[in-house]
Q: 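Take a look at the following structure, please.
Sequence lines set the chain letters: A, B, ... in the order given, protein chains first and strands last, and positions in each chain run from 1.
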There are 2 protein chains.
Amino acid sequence: MYDHSCSNCAMSEICLPLGLDKADIGRLEKIVTTSAVRHTGDNIVRQGDAFQNVYAVKSGMTKSYRFDDAGTEYIHSFHLPGELFGLDAIYAKRYGFTVEALDTVVLCEMNFEELQVLCSHVPSLQRQVFNLLSRDLYNSHVNPIEHFDQTAEQKLSGFLHNLLSRFHARGHVSMELHLPMSRRDIANHLGLAPETISRLLKRFQQQNVIDIKNRLVTIVDQVKLESMVHCHALEASITPSEITRSVK
Amino acid sequence: MYDHSCSNCAMSEICLPLGLDKADIGRLEKIVTTSAVRHTGDNIVRQGDAFQNVYAVKSGMTKSYRFDDAGTEYIHSFHLPGELFGLDAIYAKRYGFTVEALDTVVLCEMNFEELQVLCSHVPSLQRQVFNLLSRDLYNSHVNPIEHFDQTAEQKLSGFLHNLLSRFHARGHVSMELHLPMSRRDIANHLGLAPETISRLLKRFQQQNVIDIKNRLVTIVDQVKLESMVHCHALEASITPSEITRSVK
DNA sequence: CGAGAGCTTGAGAATTCTCAAAGTACGTGG
DNA sequence: CCACGTACTTTGAGAATTCTCAAGCTCTCG
């Protein structure tokens, strides 16, 4: 399963990693509630609820989704250990997404109003919150781009590559990805049909890029996976349709 | 063309609309350079340049785009009068996108470092910057969703509807949209082929939803346009393929 | 007025979707 | 501990949308 070692660190290190002095860290820790545990299917926040807290995932995984005016569901993102959610609700004062635990999740919870007051007394904390907001903004500007790429192959390979990068960025080294969400969730998130996800995962396995055991995906050939994200690199090699044919 | 009336307001009203007292507004105005004018094709910032300023568009329109590692171009957004750009570069310390003037553009320019210092002395300004960051984050989480919707019709109708809303939000009342960008730009932005944009615009016109005169689009039936964004509403009416057939 | 970029239109090709059905995994209750 | 039901996943075949390529047209700007 997951590496739960980070549940031993001070939550301030997870939530707001920064060189604050001890007094400031103490003040910060006062406004942080640690060790909120949620289980599969639990809602952490709900779309439309009044905004109050910002959250960091300490272990486990969550998904955030919303229903638009026409009642269509959109799965916007999955949150991994070390990642924050809720910052997009500061302005609207309501959560725009329901965030649900996909497995057993440990959270750290911060009251944003108190955080904001603390920021106005601690300039380096203010800077850090600006940075966190900007980082999220940068990521949603640059990464969603992957999902436009074009082909379903690029979307799914980009998705797997992105998840692996994020795990590795948090110090994990394994090539195993446990995906607690359903194929339907992945499909919705990428704007594809669930059947397409099934077929692609199968093909990736046949191409020796990944290994699938239900919801456990092992990255076998990271280089090949990366080359699939930017399709140009595949020109000289076998095309998807050729693979399909040779398999038949 | 555009309504240039807002170039007469204090730039602080455009950039950071908020109830600051006069002294604070004076300090804010000191860090704002007004009336930077750029012309069609000029780059305002370039992808990879060191981050320094945050910008607000006072009149005209800009597009922001980036090239990924494989050299593929992605047009991320178009900025309308009253809108900000550059906030996503705070964390990375470099601009992630090149921002280019699509016509004659008047800008207001703020040094972010100075803004940040001022924020730590003026709590209400700090709040305002948090709000602006969060608003952008919310918009990129909620709106890009439109682009996943599914059909090309939904993407393009969503794009037109979104532009119209943003113009109206800034006090414009006209149903005319001057689109200074090329069909290719729109296509790239929506992840479609330029030919598809042509064909769809033509069909929208035949359905009496819009009127096209080169790059000037007039929204004829806003209600019908909105219903196209959420495709379900069209079930009872004519389907796209029926239209195409009847036209032939 | 002419050149070039941008736009439109057509026809065929390719990817992805939809619908349908069979297979598999997991949790509950006997 | 096993059986069953439900939800999830996989697989297949045909349908639909969108893309690609190609050619002609139009607008703009020098």
Q: Within this structure, what is the CG-to-C1' distance between B/L200 and D/dC19, rounded to whole angstrom?
A: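 Taking atom C1' of D/dC19 as the reference, CG of B/L200 is at 13 Å.
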
Q: Just one of A/V106, A/T104, A/V105 clears the side chain to side chain contact (heavy atoms under 4.5 Å, CB included) bar with A/S59, so which one?
A: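 It is A/V106; the other options fail the test.
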
Q: Measure from CD on B/Q150 to P on D/dT17 and round the result to the nearest Å.
A: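 That distance rounds to 12 Å.
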
Q: If you find the nucleotide of DNA chain D closest to A/T196 and the one closest to B/A152, which residue's nucleotide is nearer the 5' end?
A: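 Its nearest nucleotide lies further toward 5', so the answer is A/T196.
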
Q: Figure out the CG/P separation between A/L179 and D/dT9, and round it to whole Å.
A: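 For the pair A/L179 CG and D/dT9 P, the rounded distance is 11 Å.
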
Q: Taking side chain to side chain donor-acceptor pair (under 3.5 Å) as the criterion, tell me which of B/Q47, B/E73, B/H76, B/E100 meets it with B/Y65.
A: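 Running side chain to side chain donor-acceptor pair (under 3.5 Å) over B/Q47, B/E73, B/H76, B/E100 with B/Y65 returns exactly one hit, B/E100.
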
Q: Within this structure, what is the CG-to-C1' distance between B/L190 and D/dT17, rounded to whole angstrom?
A: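 One finds 16 Å between C1' of D/dT17 and CG of B/L190, rounded.
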
Q: Angle class for the A/Y95/A/Y55 ring planes (parallel below 30°, perpendicular above 60°, tilted otherwise)?
A: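 Because their plane-to-plane angle lies in the 30° to 60° range, the rings of A/Y95 and A/Y55 count as tilted.
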
Q: Tell me: CG of A/L192 to C1' of D/dA16, nearest whole Å?
A: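 Distance check: A/L192 CG to D/dA16 C1' gives 16 Å.
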
Q: Specify the separation, in whole Å, of atom CD of B/Q154 and atom C1' of D/dT17.
A: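 In whole Å, D/dT17 C1' lies 12 Å from B/Q154 CD.
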
Q: Can you sort out the partners of A/E226 under salt bridge (Lys or Arg N to Asp or Glu O under 4.0 Å), two or more places apart, ordered by chain and number?
A: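 Partners of A/E226 by the salt bridge (Lys or Arg N to Asp or Glu O under 4.0 Å) criterion come out as none, since no residue qualifies.
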
Q: For B/E153 and D/dA16, give me the distance from atom CD to atom P, rounded to whole Å.
A: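 About 16 Å, once rounded to whole Å.
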
Q: Separation of B/N188 atom CG from D/dT18 atom P, in whole Å?
A: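 Nearest whole value for this atom pair: 17 Å.
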
Q: Using a 4.0 Å heavy-atom cut-off to protein, can you give one letter per nucleotide of nucleotides 1-8 of chain C, 5' to 3': B if the base is in contact, S if only the sugar-phosphate is, - if neither?
A: -----SSB

Q: For residues 179-219 of chain B, which residue pairs qualify under ring pair (Phe, Tyr, Trp, His ring centres under 6.0 Å), counting only residues two or more places apart or in two chains?
A: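 Qualifying pairs, neighbours excluded: B/F78-B/H189, B/H147-B/H189, B/F159-B/H189.
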
Q: With no hydrogens and no angle check, just 3.5 Å: does a side-chain donor-acceptor pair link B/N139 and B/R135?
A: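 B/R135 and B/N139 do not have a side-chain donor-acceptor pair below 3.5 Å.
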
